[in-house]
Amino acid sequence: MTVWNIAHRGGAGLYPENTLAAFRDAVARGCDGAELDVQLSSDGEVVVFHDYRLKPEICRGTDGLYLESPTPRVKDLTLVGLKKCDVGRADAQSDYARAHPKIRAVDGERIPTLMEVVEVAKTARKPFRLFVELKTSFADRDISADPVALTDATVDVLRAGNHLDRTIFVGFDWPALLHARKIAPQTPCWFTTLAQSWFRPGRPPPQDDPPSEPALQMLRYWAATGTSPWAGGYDAVNYGGSVLRAIKAAGGDGWFPTHADINPQSVAEARALGLKIGTWTVNEPADMKRMLDFGLDAVCTDRPDLLATLMQ
């Protein structure tokens, strides 16, 4: 089977993340699609940006200086206000820049709208899929848009751009996906999951990027009591402890976990349930090869160039 090469945030290891420059590059190099994050501006525009607040490491103001924390929330800015930020070059002194040494800076890049990304996707010579993460916060509902409102607006844009049939919705905040299932039932939803090591006894390994100990304990409490705000009523504890059975019960079409959770047992269970499988964010060649050997449906990576070489 063919594994889709999906450029994470457009290929964030090559070009500035979630920019039109990145998405154009993903199209030009023949990727099968791109993953992107959508949020709502204060005036209801669907914009493409990852963090809930403007990211100081990549956002420069009209004075050319990088923003300082605390930065404003995306939801509090108009589209015009968001477009004032230059997001085409990471601050060379930041940890972010050091972690992405191969990024090609493109000064003047602005935060795009979803419709602008759709127009880029439609220039591809083969079907170019958009893995659209409905970016809302289950831990703090005040910091982001309401999941239903964001989903409504996102579906409207994709329908107007005639791209719903080449979209897959993903996201950690399942209430948004559950709403997408209602209003766009023909568009697949692949349910994103937190690292499953977070919910096992003991401290998760550092490579699983666990949250602070208080936050981790709160996540475990929610999961154990079936009150997880991200699950929308479909907690794994109610399905024999299986997050995959919970996804199936919720009407999910696929599973979208971190690659650390991909193993023979989880793949077998997902396939037995009829779920598609994609994984994120796979940047090391050894991990890429392991994911390809599993025969997944999609691999999401900051380095689609490396993945393409391995796939050949």
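These figures come from a predicted structure and were not determined experimentally.
Ring geometry for Trp222 versus Phe138: interplanar angle over 60°, hence perpendicular rather than tilted (30 to 60°).
Enclosure of atom CZ in Arg104 is not indicated, since only 12 or fewer non-hydrogen atoms of other residues, nucleotides or ligands lie within 6.0 angstrom.
Other residues sharing a hydrophobic cluster with Val148 under the 4.5 Å side-chain heavy-atom criterion for ILVMFWY residues do not exist; the residue is a singleton. With side-chain heavy atoms closer than 4.5 Å counting as contact, directly or through intermediates, Tyr66 stands alone and belongs to no larger hydrophobic cluster. Residue Leu79 shares its hydrophobic cluster (ILVMFWY side chains chained together at separations under 4.5 Å) with Val47, Phe49, Leu54, Ile58, Leu67, Val74, Leu77, Leu82, Val87, Tyr96, Ile103, Ile111.
Of the charged side-chain nitrogens involved, none lies within less than 4.0 Å of a carboxylate oxygen, so that Asp302 and Lys102 do not count as a salt-bridged pair. Note on Asp95 versus Arg98: salt bridge recorded, some NZ/NE/NH1/NH2 to OD/OE distance being below 4.0 Å. Salt-bridge check for Arg89 with Asp107: passed, with a basic side-chain N closer than 4.0 Å to an acidic carboxylate O. By the 4.0 Å N-to-carboxylate-O rule, Asp91 lies too far from Arg60 to be salt-bridged with it. Using a 4.0 Å cut-off between a side-chain N of Lys or Arg and a carboxylate O of Asp or Glu, Arg53 and Asp51 do not qualify as a salt bridge. With salt bridges taken as basic N to acidic carboxylate O contacts below 4.0 Å, one links Asp253 and Arg181.
When atom types are taken as modelled, the side chain of Thr309 and the backbone of Asp305 share a donor-acceptor pair closer than 3.5 angstrom. Using modelled atom types, one side-chain atom of Lys75 and one backbone atom of Asp142 make a donor-acceptor pair closer than 3.5 Å.
Under the 4.5 Å side-chain criterion, counting only non-hydrogen atoms from C-beta, Val38 is not in contact with Lys135. When side chains are defined from C-beta on, Trp4 counts as touching Phe131, because their heavy atoms get closer than 4.5 Å. Within the 4.5 Å cutoff, the side chain of Thr301 has heavy atoms near those of the Pro304 side chain. You'll find the side chain of Phe23 stays beyond 4.5 Å of the side chain of Tyr15, heavy atoms only. No side-chain heavy atom of Lys276 sits less than 4.5 Å from a side-chain heavy atom of Pro188. In this structure, the side chains of Leu296 and Ile262 come closer than 4.5 Å at one or more pairs of heavy atoms.
Counting all heavy atoms, side chain and backbone alike, Gln196 lies closest to Asp261 at N-OD2, 3.0 Å. What you find for Pro16 and Gly88 is that their closest heavy atoms are CG-O, 3.3 Å.
Glu116 pairs with exactly one of Arg110, Lys122, Lys83 by the salt bridge (charged side-chain N to carboxylate O under 4.0 Å, His left out) rule, that one being Lys83.
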Give every donor-acceptor pair under 3.5 Å between a side-chain atom in residues 159-172 and any protein atom, sequence neighbours left out.
from, atom 1, to, atom 2, distance (Å)
Arg159, NH2, Ile183, O, 3.4
His163, NE2, Phe128, O, 3.1
Thr167, OG1, His163, O, 2.8

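Legend: salt bridge (charged side-chain N to carboxylate O under 4.0 Å, His left out) pairs involving residues 199-212, not counting sequence neighbours, sorted by first then second residue: Arg203-Glu213. Applying the ring pair (Phe, Tyr, Trp, His ring centres under 6.0 Å) rule to pairs touching residues 293-312 yields nothing, sequence neighbours excluded.
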inquiry  = Would Ser42 and Asp76 count as a side-chain hydrogen bond (donor to acceptor under 3.5 Å, both in side chains) here? Give the steps.
reply    = CA-CA 5 Å; Ser42 65; Asp76 293 334; over 6 Å; no
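With no hydrogens or angles considered, no side-chain donor-acceptor pair links Asp140 and Ser137 at under 3.5 Å.
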